[in-house]
Amino acid sequence: MKGERGYTLVELIVASAIAATILSLLSAATYQFVTATGSGHDRLAVLHDQANAFGWLHRDAQMAVPGDATVLPASVTLTWTDEVTGAGYESAYSLSGDDLVRTFSVDGAPTSQTVARNVAAAGFSPSLSGDLLTVSLTSELGDATTTLTESFQLRPIGAAAASPPLRLATGSYAGNGVNGRAITGAGFRPDVVIVKADAGRAGMMRTSTMTGDATKNLANAGALVTNRIESLDADGFTVGSNQDVNSSGNTYYWVAMKAGSDLVVGSYLGDATDDRSITGVSFQPDRVVTLGDGDAAIFRPGAASGDIAYTMAGAGNLANRIQALESDGFQVGSNNDVNENGTTYHYVAWDAGPQVVEASYTGTGSDDRSITGVGFQPQFVWAKRNAGNNSVWRPASLAGDSTLRFSATAAVNNRIQALEADGFQIGNNNDVNQNTQTYYYLALRDGGP
C-alpha cells in the first residue's frame, strides 16, 4: 500500500524459504488442522522460528570469511568485505531473552531484527570447524518443542577470502568548541581514531568496538569518557565540545585507521585469571594496545622480550599486563590494567607487512639521525624507549620539528623530526635517542588505492 515499506529481494527469498520449509514438514491436511488449533499454532510458531533463523544464517554464511568469524557458546559473528566497494559487513547472532537477534552492520552502522522469538534457555549453540559452521537451535512454545541442527559452508570455494589491507589517514583541525562537530576527509569509516591537541591535553582514542558516546583518555586509568570522540562516521568521526578534542584556539591532530588484513580491533571481558590467552585475532600481532574501561591504556611492542608492557602515556616497564604476543592473539596477566574481573577491554592489534613495520634501534645520542630500512615513507610513527621515557608519535599532518605525546603535555621538538622516504629522522633527546638505549617503533602507511 502507499506509504508502506516494500520487501527487499533478500526478504522475499527468505520468506519463500520459510514457507517451503514449513510445508515440507507438514502435509496439506495437517497444515489445515494445525492452523485451526492452539497446539497447532504453537507447532507452527516453533517451525517458523527454525525456518526464519536458518534462512538468515544460510544467507550470511555464503558471504562470511571463516578466519574472521567469532564463535562463542551462545553467539556467532560473521564478517566479510565487499571486494568491489570495500564496505565492511558484519552479521552477529545472539540471544536476548527468548529472542534470537540478528544485528547486521555495514561499515559499523548496525540494524537489528529478531529472527526467532521462542528460543529455549541455552537453545542457541553454534560451533565452527574449519570452514563449516554448525548451529543447533531449540525452540519451544506451549507443548511444542523442536530442535534443528544445520551446517553451513562459509565462503564459497574459490571466492576471495583475504581482507583488504590497513587504511590510514591523518589530518588536523582548529578547535571551535561546537558539540557534535563532524571531522571529515578520512575517505573511509575508521575502526581506530586518535586525537591529540598541540597544547597540554591528553590523547584520546576510540575503537569501533566502543558503543555509544565513549572514548579512552590515554593518560587516565579511569572509565571511558564522553563528549570527546562521539562517533566513528562514514568519512571520519564526530567530536564533542570538551577541551580534549575541540577547544577554541587549539589545533588538534588526528590519525584514523580502518581494520584490514594487518589491523584487527576487538574486545574481551576481564576474568582476573593469570596467563590468559586472548584469541581470535587471526595472526600473531607485532604490536597490541588494550584500552580498559576503568584501567590504564597498555601496549606491547613485538620487538620486546619477556613479560614487558607499557602504559601509553607512561615511562617504565610493567609486568603482568600484556605478557606475550601469541600465534592467534596475545596473553594477559591478572593485573587490573588488562584483566579485571567484569571489566570490558578493547584492543587493537597490528600485523607486520607492507603497510606495518614494527622494529627497534639502539640510540647513539647523535642529532638529526635517520632511522632507515622501513621500506616506505610512513604516515605515522610511534617510538618508545625500553625502561624509560614517554612514548612519542608523529602523524604526517604535523609540520616542522614537532612531535606529540599521548600524555597531557604540549607538542615537543627534537624527537621525531621528520618522516622520510625510507623511515624517519630523530633528534638527540632521550625520548628517542639516548646513547646505548633500545627503542621500539611502529611505522604505518595507508594500504589503499
Side-chain angles (χ1 to χ4, degrees), residues 166 168 192 194 203 205 218 255 257 262-263 281 283-291 296-326 329-332 337-338 347-353 355-366 369-376 378-395 403-407 412 414-420 422-445:
L166 160 75
L168 184 144
V192 179
I194 302 171
M205 188 171 183
L218 297 177
V255 56
M257 306 175 206
D262 38 18
L263 170 65
V281 174
F283 53 74
Q284 179 162 333
D286 287 276
R287 183 167 293 207
V288 168
V289 168
T290 60
L291 308 169
I298 301 293
F299 78 96
R300 180 188 172 97
S305 60
D307 184 0
I308 291 176
Y310 310 95
T311 61
M312 291 186 69
N317 295 3
L318 300 171
N320 198 26
R321 270 77 168 183
I322 305 174
Q323 300 172 313
L325 305 180
E326 301 181 322
F330 53 101
Q331 179 182 294
V332 295
D337 283 341
V338 294
Y347 68 81
V348 183
W350 289 270
D351 185 28
Q355 282 70 237
V356 179
V357 171
E358 165 74 40
S360 65
Y361 62 89
T362 301
T364 63
S366 59
R369 176 188 172 193
S370 291
I371 305 299
T372 59
V374 173
F376 55 79
Q379 293 165 272
F380 173 89
V381 168
W382 171 8
K384 171 71 175 73
R385 177 191 155 197
N386 179 36
N389 297 87
N390 293 343
S391 287
V392 291
W393 62 285
R394 182 187 177 106
T403 306
L404 302 171
R405 288 174 170 157
F406 296 114
S407 57
V412 292
N414 196 26
R415 273 77 167 180
I416 304 173
Q417 298 174 315
L419 304 179
E420 301 182 322
D422 187 32
F424 53 101
Q425 183 189 91
I426 56 176
N428 59 6
N429 186 275
N430 287 351
D431 282 348
V432 292
N433 200 13
Q434 185 176 349
N435 191 38
T436 74
Q437 296 300 304
T438 298
Y439 293 84
Y440 305 115
Y441 72 85
L442 176 72
L444 306 176
R445 69 170 176 178

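Keep in mind it's a predicted model, so treat the numbers as computed, not measured.
Lys384 contributes atom NZ, which lies 12.0 Å from atom CE of Met312 (distance to the nearest 0.5 angstrom). Rounding to the nearest 0.5 Å places CG of Leu218 at 6.5 Å from CD1 of Ile194. Atoms CG and CG, from Leu263 and Asp351 in turn, are 10.0 Å apart once rounded to the nearest 0.5 Å. The CD atom of Gln331 lies 5.0 Å from the CD atom of Glu326; values are rounded to the nearest 0.5 Å. For the atom pair Gln437 CD and Asn386 CG, the distance stands at 8.0 Å (nearest 0.5 Å). Here the straight-line distance linking atom CD1 of Ile426 with atom OG1 of Thr364 works out to 6.5 Å at 0.5 Å rounding.
With contacts defined as side-chain heavy-atom distances shorter than 4.5 Å, the pair Tyr439/Ile371 does not qualify. Side chains of Val356 and Asp286 form no contact here, defined as non-hydrogen atoms less than 4.5 Å apart.
Contacts of Arg287 classified as salt bridge (charged side-chain N to carboxylate O under 4.0 Å, His left out), with partners at least two apart in sequence or in another chain: Glu358. By the ring-ring contact (aromatic ring centres under 6.0 Å, His included) test, Phe283 pairs with no residue at all, sequence neighbours left out.
Residues Val374 and Ala443 share a closest heavy-atom pair of CG1-CB, 4.0 Å. When all heavy atoms of Leu404 and Pro395 are compared, the closest pair comes out as CD1-CD, 4.1 Å. Contact detail for Ser360 and Tyr440: the closest heavy-atom pair is CB-CD2, 3.8 Å. Closest heavy-atom contact between Pro285 and Gly329: CD-O, 3.1 Å. When all heavy atoms of Ala349 and Val281 are compared, the closest pair comes out as CB-CG1, 4.0 Å. The two residues Gly373 and Asp422 have their closest heavy-atom pair at N-OD2, 2.9 Å.
No side-chain donor-acceptor contact under 3.5 Å links Arg369 to the backbone of Asn428. Side chain of Thr403 to main chain of Ile416: a donor-acceptor pair is present (N/O by atom type, distance under 3.5 Å, no hydrogens or angles).
When Asn317, Ile322, Leu318 are each tested for a side chain to side chain contact (heavy atoms under 4.5 Å, CB included) with Ile308, only one passes: Asn317. Considering Leu442, Val288, Asp262 as possible partners of Trp350, the one that fulfils the side chain to side chain contact (heavy atoms under 4.5 Å, CB included) test is Leu442.
Ring planes of Tyr441 and Tyr361: tilted class, angle from 30 to 60°.
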Verdict with reasoning, Leu291 to Met205, per side chain to side chain contact (heavy atoms under 4.5 Å, CB included): CA-CA 9 Å; Leu291 308 169; Met205 188 171 183; 4.0 Å; yes
Candidate pair Leu444 and Met257, rule side chain to side chain contact (heavy atoms under 4.5 Å, CB included), full reasoning: CA-CA 10 Å; Leu444 306 176; Met257 306 175 206; 3.8 Å; yes
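When only modelled atom types and interatomic distance are considered, Asp431 and Asn390 share no side-chain donor-acceptor pair under 3.5 Å. Defined by atom type and a distance below 3.5 Å, a donor-acceptor pair is missing between the side-chain atoms of Asp307 and Asn320.
For residues 298-317, the pairs satisfying ring-ring contact (aromatic ring centres under 6.0 Å, His included) are Phe299-Tyr310, Phe299-Trp382, with sequence neighbours left out.
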